[in-house]
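To keep things clear, I will list the structure first and then write my remarks on it.
Just so you know, residue 1 is the first one in the sequence shown, and it goes up from there.
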Amino acid sequence: MESWVRAVVEAIHSSRTQAVIYLAGGASQALGWLLSVPGASGTVLEVVVPYSRASMAQLLGKMPLQFTSKQAAEDMALAAFNRALKLSGPGLQVMGVGFTGSLASSRPKHGEHRFYVSTRTQNCLRTSHVTLSKGLRSREEEDKVSSYFLLKAIADGCRVPATIQSDVQEPELPKESVEQFDEDQELQQVIDGQVYMKVYHFSDSMKNFNRKIILPGSFNPLHDGHLRLLEVASRMCDDGLPCFEISAINADKPPLSIAEIKRRVEQFRKVGKNVIISNQPYFYKKAELFPGSAFVIGADTAARLVNPKYYGGDYNKMLEILLECKNTGTTFLVGGRNIEGVFKVLEDLDIPGELRDMFISIPEEKFRMDISSTDLRKKQGS
């Protein structure tokens with residue numbers, strides 16, 4: 001490995017950015033560079049090489065019109081970004097990387113030797129297209145050139161300086177496009193289901209966490225009970241990054257508007273608390289989106305979770321869905337709530353034996369507050 005390549009890789013590994021990389025048709029040497037330098041496990045979350053048509057179609061959820069194209073690379077980068085959102089460590093920046101190439105092979109090609117590399121972060125999509133001069137290099141040499149450009153793209157996404165030292169000729173210089181997204185566009189992408197979530201990091205904690213502690217809700221408005229509940233839960237699970245979570249999509253109502261989401265987010269900005277905007281209203285989908293997380297819920301929500309009524313009256317279906325959540329490492333921290341005028345805690349609920357270790361009680365002496373957002377809205381006349 002050239003010294004400048006190693007320096008770039010070391011800078012990438014020091015950037016606190018985590019990436020999922022999808023590539024097909026080249027740039028294989030870049031993977032060796034990234035993985036052979038200490039620190040790779042903190043940067044590279046996953047690498048997938050979808051070489052076959054079936055693999056690519058399964059990865060993207062569709063068959064690309066053209067496999068070596070700008071659109072295919074950008075679709076790969078977006079899919080990788082969403083995958084990175086699921087797999088990334090709490091509090092870290094994430095990136096999706098897509099590469100697709102048509103390089104020299106054992107048989108002469110009628111078309112161009114070319115490749116596309118695309119990176120997707122929360123607010124930016126960058127894509128480079130390089131057409132190589134045919135017959136100038138061997139397959140291994142073309143792979144090396146494409147690896148240089150892939151490494152440069154990853155460095156740019158991590159916001160670390162990188163000047164590649166390649167031997168590309170004037171006609172081979174990359175054609176680049178950059179698309180920036182503002183906050184409204186990012187939120188619209190979540191509402192539309194294009195991007196899984198948008199994370200607002202308003203807490204200044206730099207501690208390394210193993211998982212997220214998530215308090216879901218509508219937070220209309222956010223009140224002291226919410227803040228105290230998450231604080232108590234965080235003390236019980238001190239290895240977790242505390243986050244509030246709002247789903248932009250409601251199972252029974254229209255999606256929240258961008259203006260309404262931003263209004264609710266502003267509440268968390270003022271108190272310096274992290275909040276996630278997701279597009280998943282159901283807990284079994286949240287478990288997929290935030291694997292290994294601890295969800296903070298009230299006893300009323302816990303009672304609904306284990307009630308077959310909400311699964312078409314099918315007890316086995318309820319059990320199957322919640323066992324799938326359990327398999328993702330999901331746990332539920334349950335605080336006491338008033339249910340039909342009676343204050344109940346986890347111990348008052350009938351939790352199936354197979355699921356009991358998923359549910360952890362928050363004792364009444366640690367947290368009890370009967371106020372609700374609904375009550376507050378009634379008092380405010382809204």
Linking I/L/V/M/F/W/Y whenever their side-chain heavy atoms sit closer than 4.5 Å, directly or via other members, would [X] and [Y] fall into one cluster?
X	Y	value
F99	Y116	no
L78	V117	no
L125	L23	no
M56	I21	no
I249	L215	yes

For residues [X] and [Y], determine if any side-chain heavy atom of one lies less than 4.5 Å from a side-chain heavy atom of the other.
X	Y	value
V271	L222	yes
I246	F219	yes
F343	R337	no
K273	F202	no
V97	I154	yes
P281	N250	no
I362	V232	yes
L289	M197	yes

> Step by step, would you call Q188 with D184 a side-chain hydrogen bond (donor to acceptor under 3.5 Å, both in side chains)?
Replying inline: CA-CA 6 Å; Q188 190 62 55; D184 285 12; over 6 Å; no

>> Within 45 degrees of the ring normal and closer than 6.0 Å to the centroid, is that where the cationic atom of K198 sits relative to Y200?
In response: yes

Would you compute the distance between atom [atom1] of [X] and atom [atom2] of [Y] and round it to the nearest 0.5 angstrom?
X	Y	atom1	atom2	answer
L349	N307	CG	CG	10.5 Å
C124	Q180	SG	CD	4.0 Å
I261	E183	CD1	CD	9.5 Å
Q267	K262	CD	NZ	15.0 Å
M358	F295	CE	CZ	9.5 Å
H13	C158	NE2	SG	9.5 Å

Using only atom types and a distance under 3.5 Å, with no angle test, would you say the side chain of [X] pairs donor to acceptor with the backbone of [Y]?
X	Y	result
S133	L136	no
Y311	L305	yes
T100	F67	yes
K134	G111	yes
K175	V130	no

> Minimum heavy-atom separation for P255 to I191, with atom names?
Replying inline: CB-CG2, 4.0 Å

Check this for me: does any side-chain nitrogen of one of [X] and [Y] sit under 4.0 Å from a carboxylate oxygen of the other?
X	Y	result
R120	E74	no
R139	E142	no
D300	K344	no
R6	E10	yes

May I have all residue pairs that pass salt bridge (charged side-chain N to carboxylate O under 4.0 Å, His left out) and include part of [range], sequence neighbours excluded?
range	result
residues 77-104	E46-R83
residues 210-225	R211-D239
residues 305-326	K326-D357
residues 30-40	none

>> List the residues meeting ring-ring contact (aromatic ring centres under 6.0 Å, His included) with F290, not counting sequence neighbours, and say none if there are none.
In response: none

> Would H129 and T131 satisfy side-chain hydrogen bond (donor to acceptor under 3.5 Å, both in side chains), going step by step from the backbone distance to the final call?
Replying inline: CA-CA 7 Å; H129 167 212; T131 301; 3.2 Å; yes

> Between T17 and Q93, does a side-chain hydrogen bond (donor to acceptor under 3.5 Å, both in side chains) hold up when you go through it step by step?
Replying inline: CA-CA 5 Å; T17 299; Q93 300 302 310; over 6 Å; no

Regarding [X] and [Y], do their side chains bring together a donor and an acceptor under 3.5 Å, going by distance alone?
X	Y	result
T43	Q18	no
S247	Q280	no
S361	E347	yes
T127	S118	yes

> Are F359 and F332 an aromatic pair by the rule of ring centers under 6.0 Å?
Replying inline: yes

> So, do F115 and F149 have ring centers that fall under 6.0 Å from each other?
Replying inline: yes

>> Walk me through whether E2 and Y148 qualify under side-chain hydrogen bond (donor to acceptor under 3.5 Å, both in side chains).
In response: CA-CA 11 Å; E2 295 113 311; Y148 288 151; 2.5 Å; yes

>> Using the side chain to side chain contact (heavy atoms under 4.5 Å, CB included) criterion, which residues pair with E231? Sequence neighbours excluded.
In response: R235

>> What verdict does the salt bridge (charged side-chain N to carboxylate O under 4.0 Å, His left out) test give for E245 and K286, after you've listed the backbone C-alpha separation in whole Å, the side-chain angles of each residue and the deciding distance to 0.1 Å?
In response: CA-CA 10 Å; E245 184 254 348; K286 293 182 195 292; 2.9 Å; yes

> Run the side-chain contact (heavy atoms from CB on, under 4.5 Å) check on L230 and I213 step by step: do they pass?
Replying inline: CA-CA 8 Å; L230 188 56; I213 303 171; 4.0 Å; yes

